[in-house]
Amino acid sequence: MHVPEQLFEQIKTHLKEPVTARELGRLLRLPREDRVTFKRQLEALVASGRLVHARGHRFGLPDAKELIAGRVHANPAGYAFVVLDAAEGADRQDVYIASTNLNGALHGDRVLVQMERGSSGRGPEGRIVQIAQRASDTIVGRYEMDGSGRGHVVPFDRRVNTDIQVPLGESLSAEHEDLVVVEITRWPTASRGAAGRVVHVLGNISEPGVDTRVIIHKHHLPDLHSEESIAEARRLGGTVDPRDLKDRTDFRGVTTVTIDGEHARDFDDAITLERLPNGHFWLGVHIADVAHYVAEGSALDDEAYERGTSVYFTERAVHMFPSDLATGLCSLNPQVDRLVQSCLMEVDAHGRVVRHEIHDGVIHSDARMTYDAVNAIIGDRDPAVVAAYQPLVPLFEMMHELFEILNARRRRRGSIDFDLPETEVILSEYGEIEAILPAERNVAHRLIEEFMLLANETVASHLVAHGVPALHRVHEAPDLKKVADFEAFIEPLGYGLGGSGGTVTPKDFQRLIDRMRGTPEERPIAALMLRTMQKARYDAASLGHFGLAAEHYTHFTSPIRRYPDLVVHRLLRELRQDAPMPAARRAELEEDLPEVARHASERERRADEAERELLQWKKARFMSGKVGDEFEGYVTGVAQFGLFVELIDHYVEGLVHVTSMGDDYYRFLEQQHQLRGENTKKVYRLGDKVRVQVVRVDMERRQVELGLVEVLDAVRRDTRPRGPTRSKTKSKHERRKAQRPGRRERKANKGAGAPRRRGR
C-alpha cells in the first residue's frame, strides 16, 4: 500500500512518543470516516519499517535509519532468513541471519535489517537491529517442570528457538507435559531468556480435540467472534427487509438451485440457466450479497478483514463471519428470499461470453441440491433420483451440456487441469482418523467449478474494461530456471514440455499431463510440476492467471468465506452506482488495495499452513497404530537426507531417512531427483514405486518414519560387518590430511632440519 508522503511527514511531526492509532488520529484531526483507511496505512508503514509496533498496541518511529524491512523465517538449527518486503518474484533474495545476529527476534517477527557482507554460498547476509512488530505475544508449547518444581514452556513450533520460563504462580495449574498457551512478559535478548505466564491450558496431547486447539493457537487464528460483531449480525435479523428490494432485479420467477456438499451449512452461490431464442445459453451465477449487510469500517468488516478467510479443518471450521450471518441471512437457503449480486452471461455454442450483465438482485431458491444427487441424475441416470427431482431434470441436463462446452473451450486455450485424486478423511466421534479414502470428484463438482470460473473471469474483465482499481487473483508464469530443471528431470523418462524460444505456455503443461495420465509416474511428476509453478496470490494489478490461461481473473463467488470477494462486490456496486468513478475515490483505492491484497495473501497462506499441519498431525496419529506394517508407495520427493514416499493405500507421506539405508552410501543427485548408491549403483528416483515398512511415528514432529523393505531385508540377511556407510570418495579435508606427514615422519623431518610450522 502506498502511503502519501504528506501523511507520513505529518506523523513524524506529531509523533513524539509511541501512541495508539486512535490517539494518533486525534493528533492529526482525522475525520472518523477515514479511520479504516488510516489504520491500514499505519500497518503498511509498519510493514515497510517506517513505523514500529510498541507495547500496548502503540505506534512509534524506528530508532535506526537506512534499514530494510522483512519477516523472519527461522530454522530449527538456530539461524534464520529474512524475507524482504521490497523484494518480489524471481529476483528476490532472502537475507541470511546468523544465530548471533538475531537480536532476540523470533520466527514470524517483522524486523529491520542492517545489511552486512555477502556470501557466495548463502547470498546476502545481515543482522537484525530492530524488531518492528512481533508475530504474536503468545506462543503454544509443552509445559515442563524440573525437579525443583520450576516450569518452562518448550515451543510447539520448532522454529521458535527459545524456551519460555514460567515463574512460580504463573502456570495456571498446568501439569507436566500439558500443551499450553503462554503470554510473553519478557522477550529474549542476547543475554537473557524469555519469560511468560500461562494463559490457556489446552490439555494433554493425547486428548480428543487438543490437536485442533493447538493448531488454532499456534497459527494465531481468531476462533471466537467479538461481541460487537455478533451483536451486529444479530441486529440484521434473519429475513430480507422488503425495503431492501427497491431497485433490485427480481429473479424470483426464474428456477434457481444451489449445489453444494452433503454437509455444507452456508450456501453462497446459486445457479439459473435458460436457453435463449438464438440458441445461446443465458447463465446466471448469483452470489450472496454480503456487501449489502457488512458496511466498511463496521465491527463485522474489521473482523473479516483481520481473518481474511475461513479456515476448514477435518472436524470443524473457523469462520470469517458469525454463524448468524454466514448460515442465516447471507446463506442462499431454499424457499426464502435472499439478496444477491448476479453475473449473467450469454454463452454461445463455442463457450464464448458474448454479452454479460451485473445486477443487484433477489432470488428465491427452488431447491438445495447436493453434488451426489446431481451426479446421480446426469452421471449415473439413477431412476429413483431422476423421478424424485423430475421437474428439475431438464435444467441439470442443460447445465451438463453447457459444462462440456465450457470445459472444452478452457482446455483448448491451455488451462491446466491436474485433476489428481484428493483425499477424504473419515473421523471417529473422538476426532481421530478411521480411514483416508480418495474423495470422489464427480461431474457435479466440476460443473459448478466451471460456472464459478467463468463468473470470476467475466467479473475481472468487466472491472478491467471499466478501468476500476480492484483486487485480482493472479498466477504468474513459472521461473524459467525451474522449468529448465523440471525438463531436465522428465526428459530421461521420455517426456518433455515442447516449449520453444525459451518460453513455456500453460498448454505445454496440459499436454504433458494428458500424456502421462494414468501412468505410475503421473502423481509424483504432477507434484513436481506444482512445485515448479508460482503460487497464486492477490494483487491490485491484473497480471493474468497462468494456470487457467486467463488474461484477467478475480475472486467474486465466495464473499461469505473470503474477504477479497467482499471487496470485489463493493467495487462492482460502486461502479453501478457511480460511473465513472470519481478521481478522489480512484486515488484512495489505488493507495489502499495493494495492502489489502498483501494482507489477504498472507492470511490465505496462514490458513493453508494450519489446515495442512493439522491434517499431517492426524495422519501421523493414524499411522502410529501401524508400526511394523508394510505398504506400497511412490517416491514423491528426493532430498539429501532421504526419500519422501506417499503410501498408495492411505495417501500418507512418510520419510525414508538416508541413515536407514544401511546397504550402501547414497549420493544425492539434485537435478536428477535421485539417490544413487556408490557401490551397488542402485538408484531411487522421484516416481519410483517402492515397498516400505512403517518403522516409527514421531508425534513430536508429526512425522512418519519409513524403511525400504528391500534394504531392511538385505541388512538383516547380512550378518557380516556392513559395507561402507560413508562415501569412499574422500573430501578435500581428508585428502589434505592423508598428504600430511605422520607423527614419526614429522619427528624424522625435524631431525633432518625441516622448518617448524608457526603456531596459528
Side-chain angles (χ1 to χ4, degrees), residues 211-212 215 261-263 311-317 371-372 375 416-428 430-442 445-446 449 513 516-533 607-639 642-657 660 673 684-699 701-709:
D211 50 4
T212 303
I215 295 300
E262 187 75 40
H263 304 294
V311 187
Y312 296 93
F313 297 123
T314 46
E315 70 262 52
R316 56 162 297 196
Y371 293 122
D372 288 345
N375 183 64
I416 303 172
D417 186 7
F418 287 97
D419 204 22
L420 291 171
E422 296 184 0
T423 56
E424 181 181 2
V425 174
I426 309 301
L427 296 178
S428 70
Y430 302 108
E432 300 300 328
I433 295 181
E434 290 185 337
I436 304 171
L437 306 171
E440 183 184 0
R441 188 169 175 264
N442 58 43
H445 291 89
R446 300 178 66 208
E449 180 183 88
I513 291 170
M516 64 184 185
R517 198 176 301 282
T519 64
E521 60 267 22
E522 177 189 8
R523 194 172 181 90
I525 290 180
L528 182 60
M529 188 188 297
L530 279 171
R531 292 198 288 272
T532 303
M533 301 281 184
D608 288 344
E609 289 172 7
E611 291 169 1
R612 189 165 50 246
E613 184 173 357
L614 181 60
L615 184 58
Q616 180 62 25
W617 192 348
K618 286 189 177 295
K619 284 182 175 181
R621 193 184 298 280
F622 173 69
M623 295 303 296
S624 64
K626 303 183 186 305
V627 173
D629 293 355
E630 295 182 5
F631 301 94
E632 298 284 335
Y634 287 110
V635 176
T636 53
V638 183
L643 306 169
F644 290 97
V645 176
E646 185 180 81
L647 307 184
I648 296 172
D649 288 347
H650 298 301
Y651 300 93
V652 172
E653 189 174 72
L655 174 66
V656 177
H657 201 278
S660 73
H673 297 268
Y684 295 98
R685 70 192 310 159
L686 191 72
D688 281 352
K689 188 176 183 180
V690 293
R691 187 162 188 82
V692 293
Q693 183 182 66
V694 181
V695 175
R696 178 172 173 265
V697 176
D698 186 344
M699 292 306 301
R701 299 186 180 186
R702 280 84 65 199
Q703 190 174 82
V704 179
E705 297 180 10
L706 306 172
L708 294 165
V709 170

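Quick caveat, the model's predicted, so the values are computed rather than measured.
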Residues forming a side-chain contact (heavy atoms from CB on, under 4.5 Å) with [X], sequence neighbours excluded:
{"X": "Leu437", "result": "Ile426, Ala435"}
{"X": "Thr519", "result": "Tyr495, Met516, Glu521, Glu522"}
{"X": "Arg696", "result": "Asp698, Glu705"}
{"X": "Ile648", "result": "Glu632, Tyr634, Lys689"}

List the residues meeting side-chain hydrogen bond (donor to acceptor under 3.5 Å, both in side chains) with [X], not counting sequence neighbours, and say none if there are none.
{"X": "Arg612", "value": "none"}
{"X": "Thr532", "value": "none"}
{"X": "Thr212", "value": "Glu315"}
{"X": "Tyr371", "value": "none"}

All ring-ring contact (aromatic ring centres under 6.0 Å, His included) counterparts of Phe313, not counting sequence neighbours |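 Not a single residue meets the ring-ring contact (aromatic ring centres under 6.0 Å, His included) criterion with Phe313.
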For His657, which residues count as a ring-ring contact (aromatic ring centres under 6.0 Å, His included) partner, sequence neighbours excluded?
->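 Checked His657 against ring-ring contact (aromatic ring centres under 6.0 Å, His included); zero matches.
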Using salt bridge (Lys or Arg N to Asp or Glu O under 4.0 Å) as the criterion, list what pairs up with Glu449, not counting sequence neighbours.
-> Arg441
Under the salt bridge (Lys or Arg N to Asp or Glu O under 4.0 Å) test, which residues partner Glu630, sequence neighbours left out?
-> Arg691
Out of Leu647, Ile433, Ile436, which one pairs with Met623 under the side chain to side chain contact (heavy atoms under 4.5 Å, CB included) rule?
-> Leu647
Between Val692, Val656, Leu643, which is the residue that forms a side chain to side chain contact (heavy atoms under 4.5 Å, CB included) with Val635?
->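 Of all the options given, the one that passes is Leu643.
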Supply the atom-to-atom distance Arg621 CZ to Asp211 CG, rounded to the nearest 0.5 angstrom.
->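 Nearest 0.5 Å value for the CZ-CG distance: 6.0 Å.
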Which atoms form the tightest heavy-atom contact between Val627 and Val695, and what is the distance?
-> CG1-O, 3.4 Å
Would you indicate whether the side-chain heavy atoms of Phe631 and Val694 approach each other to under 4.5 Å?
-> yes
